[in-house]
2 protein chains.
Amino acid sequence: MQIALTAAVRCAECPIRHRAVCARCDDDELSLLEGMKTYKTFKAGQPILWRGDDLVFVASVVQGVAALSKTLEDGRTQMVGLLLPSDFIGRPGRGQIDFDVTATTDVTLCCFDRKPFEKLVDDTPHVAHRLMELALDELDAARDWMLLLGRKTAREKIATFIQMFVRRTHTDEQAAGPDQFNMPMTRDQIANYLGLTLETVSRQFNSLKKEGVISFGDRKTFTVVDMAALHNATGDDADGGMID
Amino acid sequence: MQIALTAAVRCAECPIRHRAVCARCDDDELSLLEGMKTYKTFKAGQPILWRGDDLVFVASVVQGVAALSKTLEDGRTQMVGLLLPSDFIGRPGRGQIDFDVTATTDVTLCCFDRKPFEKLVDDTPHVAHRLMELALDELDAARDWMLLLGRKTAREKIATFIQMFVRRTHTDEQAAGPDQFNMPMTRDQIANYLGLTLETVSRQFNSLKKEGVISFGDRKTFTVVDMAALHNATGDDADGGMID
DNA sequence: GCATGAGGTTGATCTGGATCAAAGAATTTG
DNA sequence: CAAATTCTTTGATCCAGATCAACCTCATGC
């Protein structure tokens with residue numbers, strides 16, 4: 001699950017601010033982790049963890065995008081979470097996960113052995129508290145997504161996805177300009193996230209483009225032209241949008 | 001959210017075992033809460049909490065069924081959680097909720113003021129730890145449901161729902177016999193849970209009945225005749241079923 | 001440069017569930 | 001127990017999105 005971990009405010013080499021450890025964490029706590037971190041990289045498309053795998057490490061996403069997904073017997077799959085930089089992989093107190101984690105783009109993880117990390121959690125109540133908060137955030141996001149999957153139209157799903165993606169992304173270094181973003185996922189991956197097919201995703205993207213709500217650069221870059229119209233298309237009321 | 005709270009192993013008047021406090025809780029901790037609990041009852045259909053409400057109490061469901069749900073601007077709604085006896089309402093550290101809680105049947109809650117409850121949580125690390133576990137269970141359940149909402153057919157949704165309901169219910173006092181259960185929800189409520197319409201729910205129920213997988217008593221009672229066939233119809237593999 | 005392959009678009013057709021409609025149970029009310 | 005109300009079933013029709021099928025457009029490699 002992606003509760004944001006984080007080693008540290010002062011985790012020097014990582015360009016992200018790990019999120020599992022809060023601002024109140026002092027140097028002593030952080031330095032406990034400082035010595036034991038390792039980096040792992042994965043190529044786009046590579047599996048990071050399989051369902052049922054032993055969780056030997058926990059990690060923050062430093063670079064790239066990873067996906068949590070579940071699969072039915074006959075191969076239909078559904079993404080159940082999206083991991084962006086600073087998001088966390090691993091569940092405090094659990095040795096296993098019930099979904100697959102796959103690299104969507106090339107991914108760099110900042111990893112810590114699970115055991116010492118859990119000791120840190122056990123020894124520092126406010127870190128445990130922080131992890132609880134993050135789990136609850138995840139739960140909120142999952143429930144927003146349930147509403148999307150169960151009741152929204154294809155158009156609303158796409159609009160909601162773009163809005164969510166923009167909100168989670170636009171303070172990051174990967175932002176290419178004002179309201180302009182890199183879309184690191186293929187149509188197929190987006191379809192898996194939204195419970196649609198890739199053809200429907202393509203059609204809806206292009207229909208929003210035709211209406212002047214968004215526009216594409218080189219297909220990896222897109223710009224939200226009319227943020228109000230985009231929000232209008234989500235089906236959400238006033239400001240109750242997805243944050244995940 | 002329904003992480004199971006619980007006052008106690010020895011919470012004498014409640015016929016349930018509250019779940020937020022674990023077996024390791026000793027008498028001293030429990031007695032902290034013992035003095036401050038109150039019971040609230042709600043009629044079927046009554047709202048228990050509205051989205052955005054201040055959370056002045058946390059509570060365990062003692063009797064009946066309640067639902068968490070979210071609503072779009074135009075009124076479409078999606079249930080995002082089902083609260084059965086011993087489930088918990090309230091989120092440690094949060095003063096607000098982002099969904100509505102409604103009584104599905106007549107409901108009795110065992111309530112505690114939020115503030116003293118949170119003090120108990122803060123003072124007893126293993127209770128906090130238990131709550132974290134419960135939040136993670138919820139998250140797993142929410143993700144299972146995302147798979148259901150995004151990728152399952154109507155038939156698979158109904159089969160999964162019955163299986164889930166049976167699993168969560170069949171040790172309870174409300175079980176009417178072996179594999180026989182009371183269904184406390186209307187077709188409409190089930191539809192809202194599964195992202196379907198009430199007509200489709202009715203048709204699928206009757207088609208499973210016609211095939212001899214389940215049978216009805218007086219429409220509030222149903223029996224799973226062929227558990228294997230039911231599981232077969234869920235689309236899940238081997239034993240990776242919903243637990244929620 | 002051309003070949004190869006991965007991703008994306010676009011069109012035609014099909015279909016699972018939604019929607020619309022009406023007629024039964026069951027339960028509650030008076 | 002008749003009337004009203006709330007649920008449920010069942011049928012007919014419709015349509016959003018899936019499916020099937022080309023074709024297009026980039027990258028990347030040789």
Side-chain angles (χ1 to χ4, degrees), chain A residues 43-46 65 72 74-78 103-106 148-161 182-211 214-222 233 235, chain B residues 43-46 65 72 74-78 102-106 148-161 182-210 214-222 233 235:
Chain A
K43 284 276 157 206
Q46 245 189 317
V65 180
L72 292 173
D74 64 0
R76 282 169 287 168
T77 80
Q78 172 66 50
T104 298
T105 63
D106 291 356
L148 174 142
L149 292 172
R151 294 300 183 195
K152 288 193 175 181
T153 64
R155 180 189 167 85
E156 288 167 342
K157 286 178 176 183
I158 294 290
T160 305
F161 172 75
N182 289 318
M183 171 51 58
M185 299 166 75
T186 66
R187 301 291 183 256
D188 189 46
Q189 289 162 343
I190 296 171
N192 272 345
Y193 198 19
L194 299 177
L196 296 171
T197 59
L198 78 175
E199 293 95 331
T200 300
V201 170
S202 176
R203 281 185 244 268
Q204 295 297 334
F205 259 108
N206 288 319
S207 123
L208 285 175
K209 180 181 162 191
K210 212 159 292 171
E211 293 170 35
I214 58 175
S215 73
F216 296 115
D218 63 353
R219 195 195 273 107
K220 293 222 154 172
T221 320
F222 74 96
Chain B
K43 284 276 157 205
Q46 246 189 316
V65 180
L72 292 174
D74 65 1
R76 282 170 286 169
T77 80
Q78 172 68 50
T102 316
T104 297
T105 62
D106 291 357
L148 175 144
L149 292 172
R151 293 301 183 195
K152 288 192 176 181
T153 65
R155 180 188 166 85
E156 289 166 342
K157 286 178 176 182
I158 294 290
T160 306
F161 171 74
N182 289 317
M183 171 51 58
M185 300 167 73
T186 66
R187 300 290 183 258
D188 190 46
Q189 289 163 341
I190 296 171
N192 272 347
Y193 197 21
L194 299 177
L196 297 171
T197 59
L198 77 176
E199 293 95 331
T200 299
V201 170
S202 176
R203 282 185 243 268
Q204 295 297 335
F205 258 108
N206 288 318
S207 120
L208 285 175
K209 179 180 160 191
K210 211 159 292 171
I214 57 173
S215 72
F216 297 115
D218 63 354
R219 195 197 270 105
K220 294 220 153 172
T221 319
F222 74 95

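Letters go in sequence order (proteins before strands), and every chain restarts at 1.
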- DNA chain D: A:Gln204 or B:Lys210, which has the more 5' nearest nucleotide? B:Lys210

- Examine C:dT9: is either OP1 or OP2 under 4.0 Å from a nitrogen or oxygen in the side chain of A:Ser202? Give yes or no. yes

- Please evaluate the base of C:dT19 for a donor-acceptor partner in the side chain of B:Arg76 within a cut-off of under 3.5 Å? no

- Looking at every strand, decide which applies to A:Gly195 at a 4.0 Å heavy-atom threshold: base, sugar-phosphate, or nothing. sugar-phosphate

- Item | Any A:Thr197 side-chain nitrogen or oxygen under 4.0 Å from OP1 or OP2 of D:dA18 | yes

- Message: I'd like to know if A:Glu199 reaches the base of D:dC20 with its side chain such that a donor and an acceptor end up less than 3.5 angstrom apart.
- Response: yes

- Scan B:Asn206 against the nucleic acid and name what it touches under 4.0 Å (heavy atoms): base, sugar-phosphate only, or nothing. sugar-phosphate

- Message: Mind checking if A:Leu198 touches a base, just sugar-phosphate, or nothing, with heavy atoms under 4.0 Å?
- Response: nothing

- Counting any heavy atom closer than 4.0 Å, what does A:Thr186 reach on the DNA or RNA strands: base, sugar-phosphate only, or nothing? sugar-phosphate

- Task: Check whether any side-chain N or O of B:Thr200 sits under 4.0 Å from OP1 or OP2 of C:dA18, and answer yes or no.
- Result: yes

- Task: Answer with yes or no whether B:Arg155 presents, from its side chain, a donor or acceptor under 3.5 Å of a partner atom in the base of C:dG16.
- Result: no

- Query: Is the shortest side-chain N/O distance from A:Arg187 to OP1 or OP2 of C:dT9 below 4.0 Å?
  - Reply: yes

- Item | Shortest non-hydrogen contact from A:Thr77 toward B:Arg151 | O-NE, 2.8 Å

- Message: Check the orientation of A:Phe205 and A:Phe216. Use parallel for under 30°, tilted for 30 to 60°, and perpendicular for over 60°.
- Response: tilted

- Query: Does the base of C:dG8 carry an N or O that pairs as donor and acceptor with the side chain of A:Arg203 under 3.5 Å?
  - Reply: no

